2 protein chains.
Amino acid sequence: MIQVAVVVFSKHGYTAASMDEIAEHVGVSKPMLYEYFKSKEGLLLACIREARAELRRVTEQAVAASSTGEEALRQGLLAFFSFIRDHRQSWSLIRHEANLVGKPAEELETTRQQQTDLIATLMGDFTDPETARIAEESGLLQAAAEFVVGGCERLAIWSEEREDLTPEIVAEYAVNLLWGGLAQIAGR
Amino acid sequence: MIQVAVVVFSKHGYTAASMDEIAEHVGVSKPMLYEYFKSKEGLLLACIREARAELRRVTEQAVAASSTGEEALRQGLLAFFSFIRDHRQSWSLIRHEANLVGKPAEELETTRQQQTDLIATLMGDFTDPETARIAEESGLLQAAAEFVVGGCERLAIWSEEREDLTPEIVAEYAVNLLWGGLAQIAGR
DNA sequence: GAGTCCACCTTACTCGAAGTAGGTTACTTC
DNA sequence: GAAGTAACCTACTTCGAGTAAGGTGGACTC
């Protein structure tokens with residue numbers, strides 16, 4: 001049911017997708033959709049929740065299987081970019097979650113926060129304690145995590161239409177950039 | 001006229017905003033809006049175009065006034081974060097441009113590309129020629145630019161609800177992260 | 001085994017907002 | 001002053017989100 005909705009939403013976009021169409025594809029009548037998911041927004045929310053949960057699962061798994069900090073970073077990113085490649089529709093929904101405005105989106109913020117928290121603690125783990133404490137207090141750790149997430153999302157969108165780029169290559173780019181910084185690229 | 005629309009769109013969100021309301025606030029009738037901007041999407045598009053143009057103006061100006069690469073980076077980011085702080089509504093629209101799905105958004109991609117191109121050439125400028133050539137060929141330069149843009153957007157969203165953070169501080173965070181990389185934070 | 005309840009599902013509606021048809025005013029041009 | 005036209009409005013159509021009210025079948029009571 002949610003799967004069907006994901007397909008329709010990602011095909012036409014949230015606004016253009018009609019509940020009637022979804023209902024028909026599911027093989028059920030419209031009031032049923034409203035029974036299960038309160039509203040059109042509710043349905044979209046459920047879809048996004050599902051997609052995010054799946055994304056979270058694969059990245060956490062990848063991270064957990066790593067030993068060093070740098071490897072965790074690389075594996076996590078690789079899992080992320082691979083997910084994008086293999087689940088375009090889910091990814092499309094996650095990207096467009098901004099269509100939800102106001103209160104209902106707050107629950108999603110929680111999910112997102114979990115994502116950044118994962119990265120933040122990850123970074124905290126492989127940082128020496130004193131530096132980590134300072135970074136944490138200033139909010140720098142959170143900021144860095146947010147930055148990583150945003151950068152990767154954008155990178156994923158960019159790489160979508162470049163078929164010569166495998167998830168491995170993109171993850172490699174991201175790791176290099178992140179780990180070494182621009183100073184390295186600049187050669188200084 | 002566009003200004004009014006920006007206010008309404010950013011207040012209720014694209015879907016919830018009604019053309020009637022906008023028309024009334026403007027002091028004109030609905031068909032007029034359709035005369036000038038083809039459709040609701042068209043109106044939103046015009047608003048976003050306007051907002052993006054303004055954003056682009058201030059960042060380019062900041063970059064042009066800088067001499068070294070690192071300073072250009074810092075000043076550009078500062079201009080960006082200041083813009084966000086001072087033009088919440090415009091920023092809100094830019095963030096939600098994803099509401100436009102399909103063809104009309106292509107024109108926006110162009111604008112966005114200009115933004116990343118600016119960053120890419122900027123980075124190319126302060127990189128030694130040989131390194132730059134290699135980076136360019138592999139697409140790394142573009143990738144880095146995309147990453148920067150995405151990271152900053154996310155960072156901007158995050159910093160919006162933290163009033164203790166001035167644009168200066170956030171820009172500083174971003175510069176440090178970008179320039180030095182995570183390795184620096186990790187203390188290794 | 002007839003009556004009653006209830007979960008599940010449908011058809012057929014309301015209502016609000018996007019988009020449009022066609023008319024009106026007022027101003028320019030010859 | 002008639003013809004044309006630009007700018008604008010009122011009043012409509014259309015479409016889709018959300019809902020009301022009713023029907024069907026199975027389980028449960030006595």
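Numbered from 1 within each chain, the chains take letters A, B, ... in sequence-line order. All figures in this text were calculated on a predicted structure; none of them were measured in a lab.
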**Student:** Looking across every strand, which nucleic acid part, if any, lies under 4.0 Å from B/F37 by heavy atom: base, sugar-phosphate, or nothing?
**Tutor:** nothing
**Student:** Under a 4.0 Å N-O cut-off, is there an ion pair linking B/E153 with B/R112?
**Tutor:** yes
**Student:** If you measure only the distance, is there a donor-acceptor pair under 3.5 Å linking the side chains of A/R56 and A/Q114?
**Tutor:** yes
**Student:** In this structure, how many angstroms lie between the C1' atom of C/dC9 and the CD atom of A/E35, rounded?
**Tutor:** 10 Å
**Student:** Expressed as a whole number of angstroms, how long is the span from B/L33:CG to D/dA7:C1'?
**Tutor:** 14 Å
**Student:** Does A/A23 reach a base, just sugar-phosphate, or nothing at all? Heavy atoms under 4.0 Å.
**Tutor:** nothing
**Student:** Answer yes or no: is there an ion pair linking A/E97 with A/R52, defined by an N-O contact shorter than 4.0 Å?
**Tutor:** yes
**Student:** B/S29 near the nucleic acid: base, sugar-phosphate alone, or nothing, with a heavy-atom cut-off under 4.0 Å?
**Tutor:** base
**Student:** If you only use heavy atoms from C-beta on, which nucleotide in C/dT11, C/dA18, D/dC9 is closest to the side chain of B/V28?
**Tutor:** D/dC9
**Student:** A/Y34 OH to C/dT14 C1': how many Å, rounded?
**Tutor:** 13 Å
**Student:** To the nearest Å, how far apart are A/M32 CE and C/dT10 P?
**Tutor:** 7 Å
**Student:** Mind checking A/A16 for me? I need base, sugar-phosphate or nothing, with any heavy atom below 4.0 Å counting as a touch.
**Tutor:** nothing
**Student:** Without decimals, in angstroms, what is the distance between A/E24 CD and D/dG16 C1'?
**Tutor:** 14 Å
**Student:** For A/D20 and C/dT11, give me the distance from atom CG to atom P, rounded to whole Å.
**Tutor:** 11 Å
**Student:** Looking only at N and O atoms, is any donor in the side chain of B/K30 or the base of C/dG19 less than 3.5 Å from an acceptor on the other one?
**Tutor:** yes
**Student:** Need one value for A/M19: base, sugar-phosphate or nothing, where a base atom within 4.0 Å counts as base even if backbone is also close, heavy atoms only.
**Tutor:** sugar-phosphate
**Student:** Answer yes or no: is there an ion pair linking B/E160 with B/R85, defined by an N-O contact shorter than 4.0 Å?
**Tutor:** no
**Student:** Just how far, in rounded Å, is C1' of C/dG16 from CD of B/E21?
**Tutor:** 13 Å
